[in-house]
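Following: one structure in structure tokens, then a few remarks.
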Amino acid sequence: MMFLTVYLVAAMLSACSDDIEMRYPPKYVLPELPVVEGIHKDTKAPLYWSIYEYAYEQEKAGVSGNDMDFTEAQWDEVIDWVATNLKPYGYDMVCTDGFISMQAKDASGYMTHYGSMALTDLVAKCKARGLRLGVYDNPLWIHGPLDTKVEGTDCTFGQLLYNGSTKVTNPNVQDQWFSWVVSEQKGAQEYIDGFFRHYKELGVEFIRMDFLSWYEDGKDRGAGTVGRGYGREAYARALAYIAQAAKKYGIFTSLVMPHLFNDAEVEAQYGNMVRVVADTGDGGWRHTSAHDKGKSYASWPNCMNQFDGFLYWSHISGRDKVILDGDFLRLNKYKTDAERQTAVSLQLMAGGPVAVADQPSTIGNNLKFYTNSELLQLRQDGFVGKPLNDKLGEKGNEIWYGTMSNGDYVVGLFNRSDSDTSVSVDFAQLGISGSLKVRDLWLHVDEGTASSLSVTLPAHGCKIVKLSK
């Protein structure tokens, strides 16, 4: 449905003339918007499985739109696999994505079917195995008939659309793919509230909402100008409505493809989690570290690889703050076990989610990298680490550290280079005094006491240790 391959290729080929480093767009003063209290309180990054890899590979093979589906038998296989192999380690959700058709088949006008599967049936299948269903959808998209009434108003879905009376960024451009709700239209707030009420009643508590940059200004670096763009104020107001409704119904919001203008002031305030890196695509080390390494851009996507994205935006994350999302992992696409350890470790050191996109048929013998109980304790604890230096391309940004809620420290040493590299750090550099007990979280061994670490890391490898008094 989404034809994201076109976008990904365009993004890879786009010019780098707008390359910047740690610099943000000009300040834009927004009108006063509502404060939504407590949306980040005690939130933790999700652990889950996504259909992304399957759908992405189907699209690459030329299957798209209504021709693409994920059958009931396929869902049964995945749900059983996740419940058996991943749920014991904290992965408690499976999630839909784009590509496959999203249909509204009841009077509500909101999405009820993902391809051939009714969401009610998927929720029931997940619940029977102790899992939750997450849904890829956007409360600013209209799926149902335009004459559907917005509950509690005298407005129809059609009256939520652009009608020429509001100012847009690109007035001579038609929106591609989506029918957008204009947040300034009468009934928009009620429509968004109804969206979250609909999903809460279904039993869905996680929504992954995409293409936000297209709503704000109708652009992204890869695809160019793709729509009208409803402006900074309309975008901020929409996210405020979304945050209010999501908090009201207890639904976790994942914001995808945002420009993050003005140091992510809107997204960090109104979203539980925000994407800080380009799409996973073919995955592998390119996605984790190599793609446009050391570069950042002024609009979506700000960074092309996970490592740079987590570095670039590390200053906005932390306990009880917005969660940084590095997108999906496809461990079957990495060449070495060292790369696989780094890919999982980076997500957890940065306080991000681990979203498994490998399928039962592609995972091979790589499941063990997703199920490292000692490393997954970081997520359970709500740990969010920081780099020693958050500047792209500078020394120190491959050393990450942070504090567990019990006072233990966790330190991660990474090697992004293509050859073996010696890495050293004195704990005093990290504000840690004295000698502490050292435990390697990948080797699962105690390594005595120390006041520093010095290790030779393999190419693309890492060492993650816990320091205890």
Side chains of Asp279 and His287, donor plus acceptor under 3.5 Å: no
Between Tyr54 and Phe99, is a ring-ring contact (aromatic ring centres under 6.0 Å, His included) present by the stated rule, with each step listed? CA-CA 10 Å; Tyr54 168 84; Phe99 306 95; 9.6 Å; no
Determine whether the aromatic ring centres of residues Trp177 and Trp214 are separated by less than 6.0 angstrom. yes
Could you give all pairs that pass the salt bridge (charged side-chain N to carboxylate O under 4.0 Å, His left out) test and reach residues 158-172, with sequence neighbours left out? none
Can you confirm whether Glu339 sits close enough to Thr288 that some side-chain heavy atom of one is under 4.5 Å from a side-chain heavy atom of the other? no
Results of salt bridge (charged side-chain N to carboxylate O under 4.0 Å, His left out) for Glu151 - residues two or more places apart only: Arg197
Any side-chain to backbone donor/acceptor pair from Arg221 onto Pro301? Under 3.5 Å, distance only. yes
Working for ring-ring contact (aromatic ring centres under 6.0 Å, His included), residues His259 and Trp300: CA-CA 5 Å; His259 284 308; Trp300 169 262; 8.2 Å; no
Check Ala236 against Tyr270 and note the closest heavy-atom contact, atom names and distance. O-CE1, 4.1 Å
Donor-acceptor contact present, side-chain Asn389 to main-chain Asn397, <3.5 Å: no
Output yes when Arg330 and Asp358 qualify as a salt bridge under the 4.0 Å nitrogen-oxygen rule, no when they do not. no
Using the ring pair (Phe, Tyr, Trp, His ring centres under 6.0 Å) rule, pick out the option among Phe157, Phe196, Trp180 that qualifies with Tyr191. Phe157
With a 3.5 Å cut-off and no angle check, do the side chains of Glu59 and Ser64 form a donor-acceptor pair? no
Ring centers of Phe70, Trp75 separated by less than 6.0 Å: yes
Residue pair Leu255 / Leu239, side-chain heavy-atom distance below 4.5 Å: yes
Chi angles and distances behind the side-chain contact (heavy atoms from CB on, under 4.5 Å) call for Gln103, His143: CA-CA 6 Å; Gln103 306 158 48; His143 300 298; over 6 Å; no
Does some side-chain heavy atom of His315 sit less than 4.5 Å from a side-chain heavy atom of Lys386? no
Just to verify, which of Asp76, Asp80, Thr120 counts as forming a side-chain hydrogen bond (donor to acceptor under 3.5 Å, both in side chains) with Lys125? Asp76
For Lys186, is there an ion pair with Asp154 - N to carboxylate O distance below 4.0 angstrom? yes
Show, in sequence, the C-alpha distance, side-chain angles and deciding distance for Leu324 and Ile316, and conclude whether the side-chain contact (heavy atoms from CB on, under 4.5 Å) test is met. CA-CA 9 Å; Leu324 306 183; Ile316 70 171; 3.9 Å; yes
Smallest heavy-atom separation, Val182 atom then Leu161 atom, equals CG2-C, 3.9 Å
Salt-bridge present (Arg286, Asp292; N to O < 4.0 Å): no
How about Phe211 and Phe178: are their ring centres within less than 6.0 Å of each other? yes
Could you check whether the rings of Phe252 and Phe206 sit parallel, tilted or perpendicular, using 30° and 60° as the cut-offs? parallel
Angle class for the Tyr235/Tyr215 ring planes (parallel below 30°, perpendicular above 60°, tilted otherwise)? tilted
Using the test side-chain hydrogen bond (donor to acceptor under 3.5 Å, both in side chains), find all partners of Glu265 that sit at least two apart in sequence or belong to another chain. Arg232, Asn262
Value for OH (Tyr136) from OH (Tyr52), rounded to nearest 0.5 Å, stands at 10.0 Å
Out of curiosity, His291 NE2 to Met304 CE, how far, rounded to the nearest 0.5 Å? 4.0 Å
